[in-house]
Amino acid sequence: MIDYRGWRHTFKLDPDKTIDDEALEAICESGTDAIIVGGTYGVTYDNTLELMSRLRRYAVPAVLEISSLDAVVPGFDSYLIPLVLNAGDPDWIFAPHVSGLQAFGAYIHWDEIIAEGYIIANPEAGVAQLTQARPIADAAQAKAYAQVATNICRLPIVYMEYSGTYGDPVIVKAAKAGAGEAHLFYGGGIRTPEQAAEMAEIADTVVVGNVIYDDLAAALATVKAVKGTQY
Ligand SMILES: CC(C)=CCC/C(C)=C/CC/C(C)=C/CC/C(C)=C/CC/C(C)=C/CC/C(C)=C/CC/C(C)=C/COP(=O)(O)OP(=O)(O)O
Ligand SMILES: O=P(O)(O)OC[C@@H](O)CO
Ligand SMILES: [Mg+2]
(Lines give C-alpha, C1' and ligand atoms only; values in the text may rest on other atoms or scores of the structure.)
(Ligands and ions follow the chains in the order given, each with its own letter.)
Protein backbone atom coordinates (compact mmCIF):
# COMPACT_ATOMS: atom_id res chain seq x y z
CA MET A 1 0.00 0.00 0.00
CA ILE A 2 1.37 3.39 -0.96
CA ASP A 3 2.04 5.65 2.03
CA TYR A 4 -0.26 8.54 1.17
CA ARG A 5 -0.37 9.45 4.86
CA GLY A 6 3.08 10.94 4.50
CA TRP A 7 2.09 13.17 1.59
CA ARG A 8 1.91 16.89 2.33
CA HIS A 9 1.90 18.17 -1.25
CA THR A 10 0.77 16.62 -4.52
CA PHE A 11 0.34 17.86 -8.07
CA LYS A 12 -2.71 16.74 -10.06
CA LEU A 13 -2.06 16.36 -13.77
CA ASP A 14 -4.95 16.21 -16.21
CA PRO A 15 -4.44 13.80 -19.13
CA ASP A 16 -6.72 16.03 -21.22
CA LYS A 17 -4.28 18.95 -20.92
CA THR A 18 -0.91 19.45 -22.60
CA ILE A 19 2.34 19.63 -20.68
CA ASP A 20 5.74 19.70 -22.38
CA ASP A 21 8.70 17.57 -21.29
CA GLU A 22 10.52 20.42 -19.59
CA ALA A 23 7.50 21.38 -17.48
CA LEU A 24 6.78 17.75 -16.65
CA GLU A 25 10.35 17.27 -15.45
CA ALA A 26 10.11 20.40 -13.29
CA ILE A 27 6.89 19.13 -11.72
CA CYS A 28 8.23 15.61 -11.11
CA GLU A 29 11.54 16.83 -9.68
CA SER A 30 9.97 19.62 -7.64
CA GLY A 31 10.02 17.77 -4.32
CA THR A 32 6.29 17.12 -4.39
CA ASP A 33 5.31 13.89 -2.68
CA ALA A 34 3.25 12.38 -5.48
CA ILE A 35 1.58 12.97 -8.80
CA ILE A 36 -2.14 12.32 -9.06
CA VAL A 37 -3.40 11.79 -12.61
CA GLY A 38 -7.05 12.70 -13.04
CA GLY A 39 -9.69 14.98 -14.42
CA THR A 40 -13.42 15.15 -14.91
CA TYR A 41 -13.77 15.40 -18.67
CA GLY A 42 -11.78 14.21 -21.66
CA VAL A 43 -9.84 11.51 -19.81
CA THR A 44 -9.25 8.62 -22.19
CA TYR A 45 -7.24 5.41 -22.16
CA ASP A 46 -4.80 6.82 -24.70
CA ASN A 47 -4.12 10.18 -23.05
CA THR A 48 -3.81 8.51 -19.63
CA LEU A 49 -1.41 5.86 -20.97
CA GLU A 50 0.69 8.52 -22.65
CA LEU A 51 0.98 10.60 -19.48
CA MET A 52 1.70 7.52 -17.33
CA SER A 53 4.50 6.44 -19.67
CA ARG A 54 6.10 9.88 -19.46
CA LEU A 55 5.76 9.97 -15.66
CA ARG A 56 7.56 6.63 -15.35
CA ARG A 57 10.86 8.36 -16.22
CA TYR A 58 10.80 9.87 -12.72
CA ALA A 59 11.01 8.40 -9.24
CA VAL A 60 8.04 10.35 -7.85
CA PRO A 61 5.03 8.10 -7.07
CA ALA A 62 2.25 8.34 -9.65
CA VAL A 63 -1.33 7.35 -8.84
CA LEU A 64 -4.39 7.29 -11.07
CA GLU A 65 -7.60 8.81 -9.78
CA ILE A 66 -10.18 6.89 -11.78
CA SER A 67 -12.97 9.00 -13.25
CA SER A 68 -13.87 6.82 -16.23
CA LEU A 69 -14.01 3.09 -16.72
CA ASP A 70 -12.65 3.63 -20.22
CA ALA A 71 -9.41 4.99 -18.80
CA VAL A 72 -8.25 2.35 -16.31
CA VAL A 73 -4.59 2.02 -17.27
CA PRO A 74 -2.21 -0.45 -15.61
CA GLY A 75 1.22 0.66 -14.43
CA PHE A 76 0.41 3.25 -11.77
CA ASP A 77 1.63 2.84 -8.20
CA SER A 78 -1.93 2.94 -6.83
CA TYR A 79 -5.50 3.76 -7.82
CA LEU A 80 -7.66 6.34 -6.09
CA ILE A 81 -11.38 5.60 -6.31
CA PRO A 82 -13.63 8.64 -5.72
CA LEU A 83 -17.06 8.38 -4.11
CA VAL A 84 -18.93 11.68 -4.31
CA LEU A 85 -20.61 11.96 -0.91
CA ASN A 86 -22.75 14.95 -1.83
CA ALA A 87 -23.70 13.74 -5.31
CA GLY A 88 -27.26 14.76 -6.12
CA ASP A 89 -27.31 12.05 -8.76
CA PRO A 90 -26.90 8.88 -6.69
CA ASP A 91 -25.47 7.02 -9.66
CA TRP A 92 -22.18 8.78 -8.89
CA ILE A 93 -21.97 7.23 -5.45
CA PHE A 94 -21.72 3.54 -6.32
CA ALA A 95 -22.97 2.69 -9.83
CA PRO A 96 -19.65 3.09 -11.72
CA HIS A 97 -17.89 1.21 -8.96
CA VAL A 98 -20.18 -1.80 -9.35
CA SER A 99 -19.56 -1.72 -13.10
CA GLY A 100 -15.83 -1.34 -12.45
CA LEU A 101 -15.70 -4.36 -10.22
CA GLN A 102 -17.62 -6.41 -12.78
CA ALA A 103 -15.23 -5.29 -15.53
CA PHE A 104 -11.90 -5.36 -13.67
CA GLY A 105 -12.55 -7.49 -10.57
CA ALA A 106 -10.21 -10.26 -11.67
CA TYR A 107 -7.29 -7.83 -12.12
CA ILE A 108 -7.59 -5.82 -8.94
CA HIS A 109 -4.84 -5.84 -6.34
CA TRP A 110 -6.76 -4.56 -3.36
CA ASP A 111 -3.66 -3.19 -1.68
CA GLU A 112 -3.34 -0.76 -4.62
CA ILE A 113 -6.88 0.59 -4.19
CA ILE A 114 -7.59 3.64 -2.02
CA ALA A 115 -11.13 5.02 -1.73
CA GLU A 116 -11.73 8.74 -1.32
CA GLY A 117 -14.87 10.39 0.03
CA TYR A 118 -15.27 13.54 -2.06
CA ILE A 119 -17.07 16.59 -0.71
CA ILE A 120 -17.56 18.91 -3.66
CA ALA A 121 -17.88 22.51 -2.54
CA ASN A 122 -17.52 24.59 -5.73
CA PRO A 123 -20.86 24.41 -7.55
CA GLU A 124 -19.23 25.84 -10.71
CA ALA A 125 -16.72 22.97 -11.05
CA GLY A 126 -17.19 20.47 -13.85
CA VAL A 127 -17.32 17.67 -11.30
CA ALA A 128 -20.11 19.45 -9.38
CA GLN A 129 -22.20 19.75 -12.50
CA LEU A 130 -21.49 16.19 -13.62
CA THR A 131 -22.56 14.71 -10.29
CA GLN A 132 -25.21 17.38 -9.55
CA ALA A 133 -23.45 17.97 -6.25
CA ARG A 134 -25.63 19.24 -3.41
CA PRO A 135 -24.37 22.60 -2.11
CA ILE A 136 -22.47 22.56 1.19
CA ALA A 137 -24.65 24.76 3.38
CA ASP A 138 -22.19 25.63 6.14
CA ALA A 139 -19.30 24.41 8.28
CA ALA A 140 -21.49 22.15 10.39
CA GLN A 141 -22.67 20.34 7.28
CA ALA A 142 -19.12 19.99 5.95
CA LYS A 143 -18.14 18.42 9.27
CA ALA A 144 -21.08 16.03 9.10
CA TYR A 145 -20.18 14.93 5.56
CA ALA A 146 -16.64 14.23 6.73
CA GLN A 147 -18.01 12.23 9.67
CA VAL A 148 -20.14 10.20 7.28
CA ALA A 149 -16.98 9.43 5.30
CA THR A 150 -14.86 8.36 8.24
CA ASN A 151 -17.21 7.10 10.93
CA ILE A 152 -19.97 5.57 8.84
CA CYS A 153 -18.32 4.58 5.56
CA ARG A 154 -14.84 4.05 7.11
CA LEU A 155 -13.19 5.70 4.12
CA PRO A 156 -9.46 6.33 4.57
CA ILE A 157 -9.45 9.69 2.75
CA VAL A 158 -11.79 12.68 2.83
CA TYR A 159 -11.25 14.98 -0.17
CA MET A 160 -12.43 18.57 0.29
CA GLU A 161 -12.78 19.58 -3.34
CA TYR A 162 -13.02 23.19 -4.49
CA SER A 163 -11.66 22.44 -7.96
CA GLY A 164 -11.25 25.73 -9.85
CA THR A 165 -11.75 28.11 -6.92
CA TYR A 166 -9.97 28.78 -3.64
CA GLY A 167 -11.85 27.36 -0.68
CA ASP A 168 -13.14 28.71 2.59
CA PRO A 169 -10.70 27.80 5.40
CA VAL A 170 -13.59 27.71 7.87
CA ILE A 171 -15.28 24.96 5.86
CA VAL A 172 -12.00 23.07 5.41
CA LYS A 173 -11.30 23.26 9.17
CA ALA A 174 -14.74 21.83 9.84
CA ALA A 175 -14.06 18.97 7.41
CA LYS A 176 -10.76 18.32 9.20
CA ALA A 177 -12.55 18.20 12.54
CA GLY A 178 -15.08 15.72 11.14
CA ALA A 179 -12.50 13.59 9.34
CA GLY A 180 -11.11 12.13 12.57
CA GLU A 181 -8.83 9.23 11.68
CA ALA A 182 -9.31 9.76 7.96
CA HIS A 183 -6.70 11.66 5.99
CA LEU A 184 -7.87 15.03 4.64
CA PHE A 185 -6.98 16.12 1.09
CA TYR A 186 -7.65 19.73 0.15
CA GLY A 187 -7.73 20.76 -3.53
CA GLY A 188 -8.95 23.83 -5.35
CA GLY A 189 -7.77 27.15 -6.68
CA ILE A 190 -4.33 27.28 -5.10
CA ARG A 191 -2.30 29.84 -7.06
CA THR A 192 0.08 31.35 -4.49
CA PRO A 193 2.49 30.12 -1.79
CA GLU A 194 0.33 31.88 0.81
CA GLN A 195 -2.78 29.95 -0.21
CA ALA A 196 -0.83 26.68 -0.29
CA ALA A 197 0.54 27.34 3.20
CA GLU A 198 -2.87 28.34 4.57
CA MET A 199 -4.52 25.11 3.43
CA ALA A 200 -1.48 23.02 4.44
CA GLU A 201 -1.96 24.24 8.01
CA ILE A 202 -5.43 22.69 7.98
CA ALA A 203 -5.37 19.71 5.63
CA ASP A 204 -3.06 16.71 5.70
CA THR A 205 -2.36 16.87 1.96
CA VAL A 206 -2.68 19.80 -0.42
CA VAL A 207 -3.45 19.13 -4.11
CA VAL A 208 -2.38 21.67 -6.74
CA GLY A 209 -3.86 21.30 -10.22
CA ASN A 210 -4.90 23.89 -12.78
CA VAL A 211 -2.20 26.48 -11.99
CA ILE A 212 0.37 24.05 -13.41
CA TYR A 213 -1.00 24.83 -16.86
CA ASP A 214 -1.39 28.57 -16.36
CA ASP A 215 1.72 29.57 -14.41
CA LEU A 216 4.31 26.84 -13.88
CA ALA A 217 6.55 28.97 -11.64
CA ALA A 218 3.62 29.71 -9.34
CA ALA A 219 2.76 26.01 -9.20
CA LEU A 220 6.34 25.06 -8.31
CA ALA A 221 6.44 27.70 -5.55
CA THR A 222 3.64 25.89 -3.72
CA VAL A 223 5.88 22.93 -2.92
CA LYS A 224 8.28 24.88 -0.72
CA ALA A 225 5.39 26.76 0.86
CA VAL A 226 3.70 23.53 1.91
CA LYS A 227 6.88 21.80 3.02
CA GLY A 228 7.76 24.70 5.28
CA THR A 229 4.44 24.53 7.07
CA GLN A 230 3.77 23.16 10.52
CA TYR A 231 0.38 21.58 11.10
C1 LIG B 1 -5.89 -3.50 -14.98
C2 LIG B 1 -5.95 -2.57 -13.85
C3 LIG B 1 -5.07 -1.45 -13.79
C4 LIG B 1 -6.80 -2.76 -12.91
C5 LIG B 1 -7.14 -1.75 -11.92
C6 LIG B 1 -8.40 -2.15 -11.36
C7 LIG B 1 -9.20 -1.03 -10.86
C8 LIG B 1 -8.58 0.00 -10.03
C9 LIG B 1 -10.48 -1.02 -11.17
C10 LIG B 1 -11.41 0.02 -10.76
C11 LIG B 1 -12.60 -0.51 -10.09
C12 LIG B 1 -13.54 0.53 -9.74
C13 LIG B 1 -14.21 0.39 -8.42
C14 LIG B 1 -13.75 1.56 -10.57
C15 LIG B 1 -14.68 2.69 -10.35
C16 LIG B 1 -14.33 3.68 -11.33
C17 LIG B 1 -15.19 4.89 -11.47
C18 LIG B 1 -15.50 5.29 -12.85
C19 LIG B 1 -15.63 5.57 -10.41
C20 LIG B 1 -16.41 6.81 -10.52
C21 LIG B 1 -15.60 7.94 -10.09
C22 LIG B 1 -16.38 9.20 -10.05
C23 LIG B 1 -17.37 9.38 -8.98
C24 LIG B 1 -16.12 10.16 -10.96
C25 LIG B 1 -16.81 11.45 -11.02
C26 LIG B 1 -15.83 12.55 -11.30
C27 LIG B 1 -14.76 12.67 -10.27
C28 LIG B 1 -15.09 12.60 -8.82
C29 LIG B 1 -13.52 12.82 -10.66
C30 LIG B 1 -12.38 12.89 -9.72
C31 LIG B 1 -11.33 13.81 -10.19
C32 LIG B 1 -11.68 15.24 -10.15
C33 LIG B 1 -12.70 15.78 -9.26
C34 LIG B 1 -10.99 16.02 -10.90
C35 LIG B 1 -11.23 17.47 -11.01
O36 LIG B 1 -11.56 17.64 -12.25
P37 LIG B 1 -10.93 18.78 -13.13
O38 LIG B 1 -11.12 18.34 -14.53
O39 LIG B 1 -9.55 19.11 -12.71
O40 LIG B 1 -11.86 19.96 -12.78
P41 LIG B 1 -11.80 21.40 -13.33
O42 LIG B 1 -12.50 21.36 -14.63
O43 LIG B 1 -12.55 22.22 -12.29
O44 LIG B 1 -10.38 21.77 -13.46
O1 LIG C 1 -7.15 22.37 -10.23
P2 LIG C 1 -7.27 23.02 -8.88
O3 LIG C 1 -8.30 24.09 -8.81
O4 LIG C 1 -5.93 23.40 -8.35
O5 LIG C 1 -7.82 21.85 -7.91
C6 LIG C 1 -7.01 20.74 -7.66
C7 LIG C 1 -7.81 19.49 -7.49
O8 LIG C 1 -8.49 19.45 -6.28
C9 LIG C 1 -8.75 19.20 -8.62
O10 LIG C 1 -9.34 17.97 -8.43
MG1 LIG D 1 -8.38 20.43 -13.37
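Just follow the structure's listing: the first ligand is 1, and inside any ligand the first atom is 1. Count residues from 1 along the sequence.
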Residue portion contacting ligand 1 (non-hydrogen atoms closer than 4.0 Å) for Val127 = side chain
Give the atoms of ligand 1, by number and element, whose distance to some non-hydrogen atom of Pro96 is under 4.0 Å.
-> 15 (C), 17 (C), 18 (C), 19 (C), 20 (C)
Any residue meeting side-chain hydrogen bond (donor to acceptor under 3.5 Å, both in side chains) with Gln147, in chain and number order, not counting sequence neighbours | none
Charged N to carboxylate O below 4.0 Å: is that the case for Arg54 and Asp20?
-> no
Decide whether an N or O pair under 3.5 Å exists between Gly164 and ligand 2.
-> yes
Go through the side-chain N and O atoms of Tyr118 and Glu65 and say whether any donor and acceptor fall under 3.5 Å apart.
-> yes
Should the ring pair Phe185 and Trp7 be called parallel, tilted or perpendicular, given that the plane angle runs from 0 to 90° and is split at 30 and 60?
-> tilted
The atoms of ligand 1 lying under 4.0 Å from a heavy atom of Glu161, numbered in the order shown, are 33 (C), 35 (C)
For His97 and Pro82, indicate whether the former's side chain and the latter's backbone hold a donor-acceptor pair under 3.5 Å.
-> yes
Numbered atoms and elements of ligand 1 in range of Asn210, under 4.0 angstrom, heavy atoms | 44 (O)
Min N/O separation Tyr118 to ligand 2 under 3.5 Å = no
For Ile108, atoms of ligand 1 separated by under 4.0 Å from a heavy atom | 6 (C), 7 (C), 9 (C)
Distance filter under 4.0 Å to Tyr118 heavy atoms, resulting ligand 1 atoms | 30 (C), 31 (C), 32 (C), 33 (C)
With only distance considered, is Glu161 within less than 3.5 Å of ligand 2 through an N or O on each side?
-> yes
What atoms in ligand 2 come closer than 4.0 Å to a heavy atom of Gly189?
-> 2 (P), 3 (O), 4 (O)
Lys/Arg-Asp/Glu bridge criterion (N-O < 4.0 Å) met for Asp33, Lys227 | yes
Look only at interatomic distance and state if Ser163 has a nitrogen or oxygen under 3.5 Å from any nitrogen or oxygen of ligand 1.
-> yes
Taking only heavy atoms of Asn210 into account, list the atoms of ligand 2 that are under 4.0 Å away from them.
-> 1 (O), 2 (P), 3 (O), 4 (O)
Considering residues, nucleotides and ligands other than Arg134, do more than 12 of their heavy atoms fall under 6.0 Å from its CZ?
-> no
Report yes or no: does Thr48 contribute a side-chain atom to a donor-acceptor pair with the main-chain N or O of Val73 at less than 3.5 Å?
-> no
If you count the atoms of ligand 1 from 1 in the order shown, which ones are under 4.0 Å from a heavy atom of Ile66?
-> 8 (C), 10 (C), 16 (C), 17 (C), 21 (C)
Side chain or backbone of Val72 under 4.0 Å from ligand 1, or both, or neither, by non-hydrogen atoms?
-> side chain
Any N/O pair Ser68/ligand 1 closer than 3.5 Å = no
Do Asp204 and Arg8 sit within salt-bridge range, that is, some charged N less than 4.0 Å from a carboxylate O?
-> no
Going by the 4.0 angstrom heavy-atom rule, the piece of Ile120 near ligand 1 is neither
Within one Ile-Leu-Val-Met-Phe-Trp-Tyr cluster: Ile212 and Leu55, side-chain cutoff 4.5 Å | yes
One finds that the ligand 1 atoms under 4.0 Å from a non-hydrogen atom of Ile113 are 8 (C)
Go through the structure and list residues passing side-chain hydrogen bond (donor to acceptor under 3.5 Å, both in side chains) with Thr32, not counting sequence neighbours.
-> His9
Please determine if Ile190 has a nitrogen or oxygen closer than 3.5 Å to a nitrogen or oxygen of ligand 2.
-> no
Taking only heavy atoms of Ser163 into account, list the atoms of ligand 2 that are under 4.0 Å away from them.
-> 3 (O), 5 (O), 9 (C)
Side chains of Asn210 and Lys17: do they bring a donor and an acceptor to under 3.5 Å?
-> yes
In Å, rounded to the nearest 0.5 Å, how long is the span from NZ of Lys224 to OG of Ser30?
-> 13.0 Å
For atom 5 (O) of ligand 2, which candidate among Ala219, Ala125, Gly188 holds the nearest heavy atom?
-> Gly188
Given Glu65, Glu116, Lys17, which has its nearest heavy atom closest to atom 31 (C) of ligand 1?
-> Glu65
Any N/O pair Val211/ligand 2 closer than 3.5 Å | no
Residue portion contacting ligand 1 (non-hydrogen atoms closer than 4.0 Å) for Trp92 = both
Contact atoms of ligand 1, heavy-atom distance to Tyr79 under 4.0 Å | 3 (C), 8 (C)
Return the option from Tyr186, Phe11, Tyr159 holding the heavy atom at the smallest distance from atom 7 (C) of ligand 2.
-> Tyr159
Sole candidate of Ile120, Thr131, Leu155 that passes side chain to side chain contact (heavy atoms under 4.5 Å, CB included) when paired with Leu85 | Leu155
Is there side-chain contact between Ile171 and Tyr162, with heavy atoms separated by less than 4.5 Å?
-> yes
If you measure from each non-hydrogen atom of Phe76 to ligand 1, which part falls under 4.0 Å: side chain, backbone, both or neither?
-> neither
